[in-house]
Amino acid sequence: MSDQRGIRHVEIGVADLARSLGFYRDLLDLAPAQGPVGGPGVAWLAAGSVLLKLVETGDGDLGGWVNDDLQRGIRHIGFKVGDVDLRAERVRDAGVPFTLPPLDAVGGVRIAFFQDPDGTHLEITDNYLRYHRVASPELAERERLAALSRPRTAPPVFDHVAVTSADLDVALAFYRDTLGYEVVGQITQDQDPRGFLITYLLAGDAVLEVFTFTAPTIASPWTPDPCRRGFRRVALAVEDPEEEALRLTEAGARVAHDDVLVDADGVPLTLV
């Protein structure tokens with residue numbers, strides 16, 4: 001039970017826990033943290049108030065996840081930093097290749113993308129979004145003020161989980177209407193021939209970015225395989241996990257394994 005609804009942590013499968021700690025803790029400056037569940041092969045790291053749970057999987061792979069945003073499900077996680085180019089210099093010096101080198105993106109932010117040692121897709125971003133459509137001026141202004149006060153050398157703070165959905169109305173009915181996440185605004189990627197729209201919802205201390213396209217999307221390959229590396233699940237803080245699970249299944253989620261629910265687009269969720 002929690003008094004703060006929204007994204008609480010993201011679970012990531014890794015082949016070698018020591019190697020991944022060297023990446024997330026030592027290179028990206030995420031802080032060691034105490035998580036709700038520990039034990040051998042598990043490490044918790046904090047990026048602000050949202051945690052990463054690293055789980056050593058042994059043999060395994062990304063389970064069919066590919067770096068194509070037309071594939072539904074979790075696409076990447078993003079961190080706010082004080083200066084993308086400053087942080088990117090450290091990443092580059094460590095020999096980590098960029099899937100997208102630093103650039104100025106639509107919406108007035110600067111971004112860069114790269115992958116962790118197992119292929120989990122990560123974004124760093126600075127500045128604040130100038131939404132093409134603002135749904136909540138108050139939340140947009142709060143984001144602007146936070147960016148203006150962030151020091152250039154500030155360490156990464158967890159910012160968002162990006163997911164691709166086949167149908168924006170279905171995603172909004174699930175995350176806005178059932179879970180209560182408020183829409184902040186939207187950015188239209190007019191330069192993208194796939195008809196790319198991003199809708200931003202505030203989910204506690206983080207943001208859920210919902211990608212939709214006019215082009216056809218591809219089914220999520222997620223399964224509950226315990227050897228799965230990369231994105232394994234997103235934990236959502238709710239007031240009553242049992243009651244919320246009933247509401248979410250009525251809203252279209254299915255029970256995949258133990259305490260994991262999967263939304264209509266193959267995003268795995270745990271309620272805490």
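Each residue takes its place number in the sequence, starting with 1. Being a predicted model, the structure only gives us computed values, none of them experimental.
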Shortest non-hydrogen contact from [X] toward [Y]:
| X | Y | value |
| --- | --- | --- |
| L197 | I187 | CD1-O, 3.5 Å |
| I77 | I12 | CD1-CD1, 4.1 Å |
| G13 | T57 | CA-CG2, 3.7 Å |
| L30 | A47 | CD2-CB, 3.7 Å |
| R75 | F211 | CG-CD1, 4.2 Å |
| R150 | A154 | CG-CB, 3.7 Å |

pair [X]-[Y]: side-chain heavy atoms closer than 4.5 Å:
| X | Y | value |
| --- | --- | --- |
| W65 | N67 | yes |
| R194 | Q189 | no |
| H76 | H160 | yes |
| T164 | S220 | no |
| L236 | Y181 | yes |
| V255 | L261 | yes |
| V163 | V210 | yes |
| V10 | F158 | yes |

Under a 4.0 Å threshold between the charged nitrogen and the carboxylate oxygen, would [Y] count as salt-bridged to [X]?
| X | Y | answer |
| --- | --- | --- |
| E89 | R92 | no |
| R90 | D29 | yes |
| E244 | R247 | yes |

Shared hydrophobic cluster for [X] and [Y] (ILVMFWY, side-chain gaps under 4.5 Å):
| X | Y | result |
| --- | --- | --- |
| L27 | I124 | yes |
| I7 | V183 | yes |
| I218 | I198 | yes |
| F79 | V91 | yes |

Donor-acceptor contact present, side-chain [X] to main-chain [Y], <3.5 Å:
| X | Y | value |
| --- | --- | --- |
| S20 | L17 | no |
| W222 | I74 | no |
| Q186 | R133 | no |
| R25 | L45 | no |
| Q71 | G64 | yes |

Just distance, no hydrogens or angles: give the donor-acceptor pairs under 3.5 Å from side chains in residues 94-109, sequence neighbours left out.
residue : atom : partner : partner atom : Å
T99     : OG1  : F113    : O            : 3.3
T99     : OG1  : H121    : NE2          : 2.7
D104    : OD1  : R110    : NH1          : 3.0

[atom1]/[X] to [atom2]/[Y] distance, rounded to the nearest 0.5 angstrom?
| X | Y | atom1 | atom2 | value |
| --- | --- | --- | --- | --- |
| L202 | L139 | CG | CG | 5.5 Å |
| T178 | L172 | OG1 | CG | 10.5 Å |
| H9 | L54 | NE2 | CG | 10.5 Å |
| F174 | D263 | CZ | CG | 5.5 Å |

Verify the distance criterion only: is there a donor paired with an acceptor across the side chains of [X] and [Y] at less than 3.5 Å?
| X | Y | answer |
| --- | --- | --- |
| E143 | Y131 | yes |
| D265 | S165 | yes |
| T217 | R72 | yes |

Query raised in the report: Pairs in or reaching into residues 225-237: which pass salt bridge (charged side-chain N to carboxylate O under 4.0 Å, His left out), with residues at least two apart or in two chains?
Result: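 Checked against salt bridge (charged side-chain N to carboxylate O under 4.0 Å, His left out) - neighbours excluded - the pairs reaching residues 225-237 are E11-R232, E11-R233, D118-R229, R233-D259.
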
Are there over 12 heavy-atom neighbours, none belonging to [X], within less than 6.0 Å of that residue's [atom1]?
| X | atom1 | answer |
| --- | --- | --- |
| E138 | CD | no |
| D68 | CG | yes |
| R142 | CZ | no |

Query raised in the report: For the residue pair F196 and F213, does the interplanar ring angle fall in the parallel (under 30°), tilted (30 to 60°) or perpendicular (over 60°) class?
Result: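 Parallel.
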
